[in-house]
Amino acid sequence: RIQILFEAMSHWFHRNCLKATGPLDTKHLTSVLTSQKANQIINELKQKRAQLISKMGDLSADPRSTAVIEEYMPLIRGFAQSAAGAPSPLQKILKFRWTQSLGTKKPEVQSDAVFEIANVCANIGLWYMKRAAKIAATNNYSEADAKEVHTCLRTAAGVFEYALDKVTPHLDSTSLEDWHDCTVGVLTAYKLECTAEAQEVTMARAIELKHKPDLISALAHETSKLFSDADTALREVNTDYVTKWRRYLQVKIKFYAAYARSFQGEYLLTQDKCGDSIRTLREAQKLYKEAQLLCKQYQDADGVSVGEVRPSRHPFFQKLGPIIDLRLQKSERENGFIYYHKIPEDLPDLELKATFGLVAPIPFNMPDVHPIFTDEAYKDFQIPENATPKIHGSDREDLPTAKETPIEGDTKSIKNESGCSIQ
């Protein structure tokens, strides 16, 4: 079985904050809720929302088996659109307050059910990400745990993809800052990060099962590219909020680029291309040193991080350097005894596309509008022309930080070559 353990105070996965929200205020709806049916809908929405928010952050709970997600989403969807797909007459009657995963307790406030759906989706995605990190940090890690980590990350990617493609086009983004969660750049970065981290699990399995070095090299190259694309998505975002996150992504870019060159160098030697092997492994050394420097920059960077993340202290990171050195020494030794190849100035091309092991997001299926939302049910709400509640200064007051289960673990028991373990 594959095992990646993460030491407490030395986690492998960077995680931003869970989003916080305030309770729904419905006092202004007294004149709107003139029927028993309308009151029932509002009360059910408030109850299911409170239940869902209380579950988020509990990393022992599996979001997939948390029934309240399937219970709340059809209700809030009925506030955004009718069963026929038209805009709902209830879309603007409630205020929603949400903080951002990149910090600050001051919420963004909008009177729009679409805003609520976007933020709930973002928080569900973060919930899956954090659960994956929690499971990965568990001692006595089983193959089932590895599959669960892989699935959680792919599912998170799918939730972010849904919010990005299906929700944000309908969102009023005029008041959003570029570092807010429901913006294209941040959602894209989360989607790509989750996809890349799921591919890390695939990479670890390929390494420990001793798959062909050219396959591992191609997988590492693709993983590095995914982290690079995530970093690019944040390039134009306010650096006050994303510097630490970007440093984490850049550590992974260089680390997996070094892995790609390391296994390419091993493969080239098996193909009797000793000069190319030496050139490639020297590049791997350079990339690994750059990753080490970025680890220090990550530690020193300002920004949000849940728990203390120290990739450079993890065995998976630490053991790559000696592996590269040993492979380079072998290639140089063989070149001196057998091949006598000239070391080229230009690097050999990397395999551009892996043929196996590439990860894709698991599509998120948004539940249909709740059947309670009939045309007659909408008519039970006596909605005036100016039904949108005003946003007051008190609505933007700081919210308490969302409660989260700590992510803890231990890496000291990992004794194998790569820092990952399959038993």
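We're numbering straight along the sequence, starting at 1.
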Taking only residues two or more places apart in sequence or in another chain, which ones pass ring-ring contact (aromatic ring centres under 6.0 Å, His included) with [X]?
| X | answer |
| --- | --- |
| Tyr378 | Phe373 |
| Phe263 | Tyr259 |
| Phe227 | none |
| Tyr162 | Phe364 |

- Query: Does the salt bridge (charged side-chain N to carboxylate O under 4.0 Å, His left out) test come out yes or no for Asp300 and Lys296, once each step is laid out?
  - Reply: CA-CA 6 Å; Asp300 295 340; Lys296 185 178 185 308; 3.0 Å; yes
- Message: Any salt bridge linking Glu397 with Lys106? Criterion: basic side-chain nitrogen under 4.0 Å from a carboxylate oxygen.
- Response: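 No salt bridge links Glu397 with Lys106.
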- Report the distance from atom CG of Leu45 to atom CD of Gln40, rounding to the nearest 0.5 Å.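 That separation rounds to 12.0 Å.
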- Task: Drop me the distance from Leu59's CG to Met129's CE, to the nearest 0.5 angstrom.
- Result: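 Taking CG in Leu59 and CE in Met129, the distance rounds to 12.0 Å.
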Taking atom types as modelled and ignoring hydrogens, do the side chains of [X] and [Y] form a donor-acceptor contact shorter than 3.5 angstrom?
| X | Y | result |
| --- | --- | --- |
| Asp214 | Gln264 | no |
| Asp181 | Ser101 | yes |
| Ser277 | Arg327 | no |
| Arg64 | Thr155 | no |

Restricting to pairs with a member in [range], which pass salt bridge (Lys or Arg N to Asp or Glu O under 4.0 Å), not counting sequence neighbours?
| range | value |
| --- | --- |
| residues 150-176 | Glu161-Lys191 |
| residues 241-261 | Glu200-Lys252, Asp231-Arg246, Lys254-Glu290 |
| residues 365-389 | none |

Exam field: side chain [X] to backbone [Y], donor-acceptor pair closer than 3.5 Å:
| X | Y | result |
| --- | --- | --- |
| Thr188 | Val184 | yes |
| Tyr288 | Phe317 | yes |
| Asn39 | Ser35 | yes |
| Thr243 | Asp240 | no |
| Thr26 | Leu29 | no |
| Thr280 | Gly265 | no |
| His180 | Cys182 | no |
| Thr66 | Ile69 | no |
| His28 | Ile93 | yes |
| Gln382 | Thr34 | no |

With a 4.5 Å cut-off on side-chain heavy atoms, are [Y] and [X] touching?
| X | Y | answer |
| --- | --- | --- |
| His221 | Tyr256 | no |
| Ile41 | Glu44 | no |
| Ile383 | Leu90 | yes |
| Thr183 | Asp178 | no |
| Asp398 | Thr99 | no |

- Could you name each residue pair satisfying side-chain hydrogen bond (donor to acceptor under 3.5 Å, both in side chains) that touches residues 80-98, not counting sequence neighbours?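 Residue pairs passing side-chain hydrogen bond (donor to acceptor under 3.5 Å, both in side chains), neighbours aside: Gln91-Asp112, Lys92-Asp112, Lys95-Asp395, Trp98-Glu116.
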Are [X] and [Y], when compared by the centres of their aromatic rings, separated by less than 6.0 Å?
| X | Y | value |
| --- | --- | --- |
| Trp245 | Tyr298 | no |
| Phe255 | Trp12 | yes |
| Phe79 | Phe96 | no |

- Task: Could you tell me which residues satisfy salt bridge (charged side-chain N to carboxylate O under 4.0 Å, His left out) with Lys134, sequence neighbours excluded, listed by chain and number?
- Result: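 None.
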- For Lys27, what residues pass the salt bridge (charged side-chain N to carboxylate O under 4.0 Å, His left out) criterion, not counting sequence neighbours?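 Asp25.
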- For the residue pair Ile391 and Arg396, what are the closest heavy atoms and their distance?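 That closest heavy-atom pairing would be CG2-NH2, 3.8 Å.
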- Message: Please find the pair of heavy atoms, one from Ser111 and one from Thr388, that lie closest to each other, and give the distance.
- Response: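 Closest heavy-atom pair between Ser111 and Thr388: CB-CG2, 3.6 Å.
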- Using the test side-chain contact (heavy atoms from CB on, under 4.5 Å), find all partners of Ser175 that sit at least two apart in sequence or belong to another chain.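 side-chain contact (heavy atoms from CB on, under 4.5 Å) list for Ser175, sorted by chain: Glu108, Gln110.
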- Query: Which residues pass the side chain to side chain donor-acceptor pair (under 3.5 Å) test with Ser394, sequence neighbours left out?
  - Reply: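 Partners of Ser394 by the side chain to side chain donor-acceptor pair (under 3.5 Å) criterion come out as none, since no residue qualifies.
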- Task: Please name the residue in the list Leu219, Leu350, Ile253 that meets the side-chain contact (heavy atoms from CB on, under 4.5 Å) test with Ser224.
- Result: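 Answer after filtering Leu219, Leu350, Ile253: Ile253.
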